[in-house]
Amino acid sequence: MLPIAMGIKLVLDGVTNVELAREEWSENKAFCEYCQVATVCSIASIVLAVPEVLTAVGTLLGRRDRDTEAQGNTR
């Protein structure tokens, strides 16, 4: 459940960062450096977390991990 919760939080953070950047642009026609760095980090975190979240969802739904299956087949 923890990787799934992490994935949800990362997506919410990414949506929030993009929304704040949109508001910043509409009000000031510029982005602050902090906002740009936060948005890039949020998107990178989402991309890096996708495999772990998908594995956790598969495990939660009762599907075995491919690595576990591969190890079981070689014995």
Side-chain angles (χ1 to χ4, degrees):
M1 293 301 291
L2 190 58
I4 296 169
M6 174 191 65
I8 292 168
K9 187 205 183 305
L10 289 173
V11 169
L12 292 175
D13 287 348
V15 168
T16 301
N17 286 336
V18 169
E19 178 61 23
L20 290 173
R22 186 194 63 76
E23 287 178 15
E24 183 77 20
W25 182 257
S26 68
E27 293 174 7
N28 302 319
K29 301 294 184 219
F31 297 116
C32 69
E33 291 178 29
Y34 175 80
C35 295
Q36 291 176 347
V37 171
T39 302
V40 169
C41 290
S42 289
I43 292 170
S45 297
I46 292 168
V47 170
L48 292 172
V50 165
E52 187 172 351
V53 172
L54 292 177
T55 300
V57 168
T59 301
L60 187 65
L61 295 176
R63 298 183 195 127
R64 292 186 66 187
D65 186 359
R66 281 185 233 148
D67 295 334
T68 305
E69 288 180 12
Q71 290 174 358
N73 292 336
T74 60
R75 292 182 186 171

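Residue pairs satisfying the ring pair (Phe, Tyr, Trp, His ring centres under 6.0 Å) criterion with at least one member in residues 27-51, sequence neighbours excluded, are listed as follows: Trp25-Phe31.
In terms of the side-chain hydrogen bond (donor to acceptor under 3.5 Å, both in side chains) criterion, Thr39 has no residue partners (sequence neighbours excluded). Residues that satisfy the side chain to side chain contact (heavy atoms under 4.5 Å, CB included) test with Ser42, not counting sequence neighbours, are Asp13, Asn17. Partners of Leu12 according to the side chain to side chain contact (heavy atoms under 4.5 Å, CB included) rule, which considers only residues two or more places apart in sequence or in another chain, are Ile8. Residues that satisfy the side chain to side chain contact (heavy atoms under 4.5 Å, CB included) test with Val40, not counting sequence neighbours, are absent from this structure. Residues that satisfy the side chain to side chain contact (heavy atoms under 4.5 Å, CB included) test with Leu2, not counting sequence neighbours, are absent from this structure. Legend: residues meeting side-chain hydrogen bond (donor to acceptor under 3.5 Å, both in side chains) with Gln36, ordered by chain and number and at least two apart, are absent. Annotation: side-chain hydrogen bond (donor to acceptor under 3.5 Å, both in side chains) contacts of Glu27 (sequence neighbours excluded): none.
Between Leu10 and the choices Ile46, Val47, Val15, the side chain to side chain contact (heavy atoms under 4.5 Å, CB included) rule is met once, by Ile46.
In the displayed structure, Glu52 atom CD is contacted under 6.0 Å by at most 12 heavy atoms of other residues, nucleotides or ligands.
Here Leu20 is tied to no hydrophobic group at all, with no ILVMFWY side chain closer than 4.5 Å.
The structure places CD1 of Ile4 at 10.5 Å from OG1 of Thr55, a figure rounded to the nearest 0.5 Å.
Nearest heavy-atom pair, Cys32 versus Glu24, reported as atom, atom and distance to 0.1 Å: N-CG, 4.2 Å. Among all heavy-atom pairs drawn from Pro3 and Val53, the shortest one is O-CG2, 3.3 Å.
The hydrophobic cluster containing Val57 also contains Met6, counting ILVMFWY residues as joined when their side-chain heavy atoms lie under 4.5 angstrom apart, directly or transitively.
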